There are 2 protein chains.
Amino acid sequence: MDTRTTLLDHAEMLARTRGFEAFSFADLATALDMRKASVHYHFSTKAALAQALIRRYRESFMARLALIDAPEADDRLRAYIALYRETLGSGDRLCLCVAFSCSRDSFDAAVGAEIHGFHRDSLNWLADVFALGQIDETLPNADPAGAAYACLALCEGAQIMARAAGEAHVFDRATAQILKG
Amino acid sequence: MDTRTTLLDHAEMLARTRGFEAFSFADLATALDMRKASVHYHFSTKAALAQALIRRYRESFMARLALIDAPEADDRLRAYIALYRETLGSGDRLCLCVAFSCSRDSFDAAVGAEIHGFHRDSLNWLADVFALGQIDETLPNADPAGAAYACLALCEGAQIMARAAGEAHVFDRATAQILKG
DNA sequence: GTCTATAGAGTGATAGAC
DNA sequence: GTCTATCACTCTATAGAC
């Protein structure tokens with residue numbers, strides 16, 4: 001594995017467990033047993049690291065969404081929730097997009113665009129699922145676009161609540177209502 | 001207004017707009033035109049400030065919840081969502097409990113207990129509303145405790161999404177689904 | 001690519017005068 | 001209660017040797 005990829009792996013996990021502002025180049029250097037200056041060789045600034053992180057994460061997440069091939073809408077939605085649940089780990093980490101969305105330090109425009117893109121892609125995917133659910137009658141009848149917003153907000157909020165409580169089952173409890181209508 | 005209260009007011013707004021770790025005693029000193037050491041006179045450590053902030057906010061929020069006196073469950077729920085919506089401002093701030101829940105720096109146990117208490121009190125209040133909604137038939141039939149978790153998660157997630165987008169109407173769009181069942 | 005060394009700015013916190 | 005002055009530490013980032 002090349003150094004750059006290993007740095008991204010460690011940085012992603014630190015951002016998801018502690019928050020992007022709560023880890024430093026020194027943390028990354030320690031993790032890879034190198035010096036801070038060497039980390040700067042791979043990512044000249046922390047803003048550049050942020051952009052590389054969120055871009056890679058978005059591409060990876062959307063690739064996994066594209067692999068969901070269940071024919072019925074309710075099963076597709078279950079797979080989506082399971083994917084979000086997986087990013088929560090044991091309640092000690094967040095989806096990187098949620099972690100970045102929580103972050104208050106104003107990222108630059110490029111990072112903001114990636115966060116927005118992540119949300120837009122997710123909303124489009126979910127709206128398609130809810131529209132299918134009307135047709136195959138496996139999901140409650142509702143405005144697909146509105147249901148998509150509610151579903152994404154619920155999943156993100158459930159992650160925050162679960163992480164604050166340190167108990168992953170809070171996520172399951174909150175998201176269980178999505179399929180019940 | 002005494003200095004301590006003014007400090008809490010400024011600190012609360014900074015925590016809700018920028019995040020608790022993203023403002024310093026120097027920011028507070030500047031805001032009140034005093035020196036850092038004077039801020040330390042009122043709050044010896046930043047942890048002490050955090051505890052005072054979340055305790056005051058929780059008491060204030062629950063007092064406002066207690067003032068909701070609509071007789072029917074759907075109107076009570078609408079008032080709750082409106083209260084949460086109000087804390088979002090124009091999309092530039094969060095409910096302090098959401099801001100603290102997002103925060104990754106491990107607060108001490110006292111702050112964690114306040115966050116947990118805020119969630120517990122909110123869930124109890126919401127479960128009572130959903131239970132009433134079954135009786136007066138103004139809300140969709142659902143397990144009240146489960147619906148409370150989903151409602152709180154949706155409101156918190158909708159705040160995060162709205163703040164990330166910088167557009168408050170995202171909150172309205174996501175929470176509009178709560179009353180539709 | 002990785003290193004040593006350093007710059008320059010920020011942080012929370014404390015001692016002690018007034 | 002507020003001040004000046006300072007401490008010890010961390011942070012991002014850069015210059016230049018190897």
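As the structure is a computational prediction, the values presented were derived from the model and not from experiment.
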| Nucleic acid footprint by protein, nucleotides 4-18 of chain D - heavy-atom cut-off 4.0 Å, B for base, S for sugar-phosphate alone | B------SBBBB---

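Every pair passing salt bridge (charged side-chain N to carboxylate O under 4.0 Å, His left out) that includes a residue from residues 115-135 of chain A is listed here, sequence neighbours excluded: Arg58(A)-Asp121(A). Within the structure, the ring-ring contact (aromatic ring centres under 6.0 Å, His included) test picks out the following pairs touching residues 7-26 of chain A (sequence neighbours left out): Phe20(A)-Phe23(A), Phe20(A)-Phe100(A), Phe20(A)-Phe107(A), Phe25(A)-His40(A).
Evaluation of the side-chain contact (heavy atoms from CB on, under 4.5 Å) rule for Ser24(A) yields Ala26(A), Asp27(A) as partners, not counting sequence neighbours. Applying the side-chain hydrogen bond (donor to acceptor under 3.5 Å, both in side chains) rule to Asn124(B) yields no partners; only residues at least two apart in sequence or on another chain are considered.
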Distance-only criterion, 3.5 Å: show the donor-acceptor pairs between side-chain atoms of residues 141-151 of chain A and protein atoms not counting sequence neighbours.
{"unit_1": "Asn141(A)", "atom_1": "OD1", "unit_2": "Gln134(A)", "atom_2": "NE2", "d": "2.5"}
{"unit_1": "Asp143(A)", "atom_1": "OD2", "unit_2": "Gly146(A)", "atom_2": "N", "d": "2.8"}

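Remark: Tyr41(B) is in phosphate contact with dG1(D), judged by side-chain N or O atoms under 4.0 Å from OP1 or OP2.
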